[in-house]
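Chain naming here is simple, since letters A, B, ... match the order of the sequence lines and numbering starts at 1 in each.
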Protein chains: 2
Amino acid sequence: MAKKKVSADAPACEITCLHEDVLKRVGHGLTDPEVLRWVAALFKVMGDPSRLKIVNALILSEMCVCDLAALLKMTPSAVSHQLQILRQSDLVKWRRDGKIIYYSLDDEHVSNIFYQGLVHVNEKHHP
Amino acid sequence: MAKKKVSADAPACEITCLHEDVLKRVGHGLTDPEVLRWVAALFKVMGDPSRLKIVNALILSEMCVCDLAALLKMTPSAVSHQLQILRQSDLVKWRRDGKIIYYSLDDEHVSNIFYQGLVHVNEKHHP
DNA sequence: TGAACATCTGAACAACTGTTCATATATTAG
DNA sequence: CTAATATATGAACAGTTGTTCAGATGTTCA
């Protein structure tokens, strides 16, 4: 994302093909813009292959940074950076046991969303 | 995403805190990497606020580019660019009626995923 | 045909992203 | 205390992203 603002608060352009009835009806059913930004942020976090690999692994078991790094063939630093993003989005939680920090999924919504995406892809890319 | 390759195909570093048993078990349960990339791509497409607004609108009704542009306060060009991405990902389908092209969601998985995300956010950001 | 409209497309640009590297912090063992 | 290990963090860089602008298609109608 780059520039975001249109010149003003007016409609984006002079459009003539509007279906006024549809706009009226749909306009009231739209999700609150701020909530929608949160949802988009959630999908964005899950939209990176490295992070989704981490989510995939944590669905199966809690794991420490080193385990994830070895399993996913990433550097511990890269894993840690991505875990920070997952942490900030409340997708994962963690517990400390001595030197080792164990990460796990924060709730079952995350795995639900993951599996919904999986189902979609499987049905789209299979005969 | 930028650089992606580690120096070689070897493990990313010499890690000593591995939980071998966990890695063995989890390693076999991981989703196929290529499938996982598709899933990540799906979430990535839904992870942009503008595109998610479009999805949100199309859940409620099929619409033409001009309607979307007016409803979402975007330029028709920007809408068209995003619709192309949604089209390439098979999230939307379209039909032509004269000059006007009507877009709609391609299947119910998309709205399922959208609502799952919505539920997650509502439960996370509410008392 | 030619004007008007709806949509698409390519180039360009600033903002953003994920990784690497070097370094810092935290915890334990000796 | 120090050494060793596990994780976190900041800067830097190349690759990517979404928007805008200008112009190109495609469709209808007089």
Practice item. Indicate the atoms forming the closest heavy-atom contact of Gly27(B) with Leu71(A), along with that distance. Key: CA-CD1, 3.9 Å
Study note, to complete from the structure: Whichever of Ser80(B) and Ile85(A) has the more 5' nearest nucleotide on DNA chain C, that residue is Ser80(B)
Rounding to a whole Å, what distance do you find between [X]:[atom1] and [N]:[atom2]?
X        : N       : atom1 : atom2 : value
Gln82(B) : dT16(D) : CD    : P     : 17 Å
Ile54(A) : dT7(D)  : CD1   : C1'   : 13 Å
Leu86(A) : dT7(D)  : CG    : C1'   : 15 Å
Asp97(B) : dA6(C)  : CG    : C1'   : 12 Å
Met74(B) : dG18(D) : CE    : C1'   : 9 Å
Asp48(A) : dT17(C) : CG    : C1'   : 8 Å
Arg95(B) : dA6(C)  : CZ    : P     : 16 Å
Leu83(B) : dC8(C)  : CG    : C1'   : 11 Å

So, does [X] get its side chain near the phosphate of [N], meaning an N or O under 4.0 Å from OP1 or OP2?
X         : N       : answer
Ser77(A)  : dT20(C) : no
Arg87(A)  : dA8(D)  : yes
Ser50(A)  : dG18(C) : no
Tyr103(A) : dA6(D)  : no
Arg51(A)  : dG18(C) : yes
Arg96(A)  : dA26(C) : no
Gln84(A)  : dT9(D)  : yes

Review point. Only one of Val55(B), Asp106(B), Asp107(B), Leu105(B) forms a side chain to side chain contact (heavy atoms under 4.5 Å, CB included) with Val92(B), so which one is it?
Key: Leu105(B)
Review point. So, do His81(B) and dT9(C) meet the stacking rule of ring centres under 5.5 Å and planes under 30°?
Key: yes
Review point. Is the Tyr102(A) to His19(B) ring centre distance short of 6.0 Å?
Key: yes
With respect to the side chain of [X], which nucleotide from [options] is positioned closest?
X         : options                  : result
Ile100(B) : dA6(C), dT27(C), dG18(C) : dA6(C)
Lys44(A)  : dA6(D), dA8(D), dT17(C)  : dT17(C)
Cys66(B)  : dT19(D), dA22(D), dT7(C) : dT7(C)
Ile101(A) : dT7(D), dC8(C), dT5(D)   : dT7(D)

Exercise for review: Mind running side chain to side chain contact (heavy atoms under 4.5 Å, CB included) on Leu58(A) and Ser104(A) for me, showing each step along the way?
Suggested key: CA-CA 5 Å; Leu58(A) 293 182; Ser104(A) 56; 5.6 Å; no
Point to revise | Polar side-chain atom of Ser80(B) near backbone of Pro76(B) as donor-acceptor pair, under 3.5 Å | key: no
**Study point:** Step-by-step side chain to side chain contact (heavy atoms under 4.5 Å, CB included) determination, Val110(A) to Leu42(A)
**Key:** CA-CA 9 Å; Val110(A) 182; Leu42(A) 166 67; 5.7 Å; no
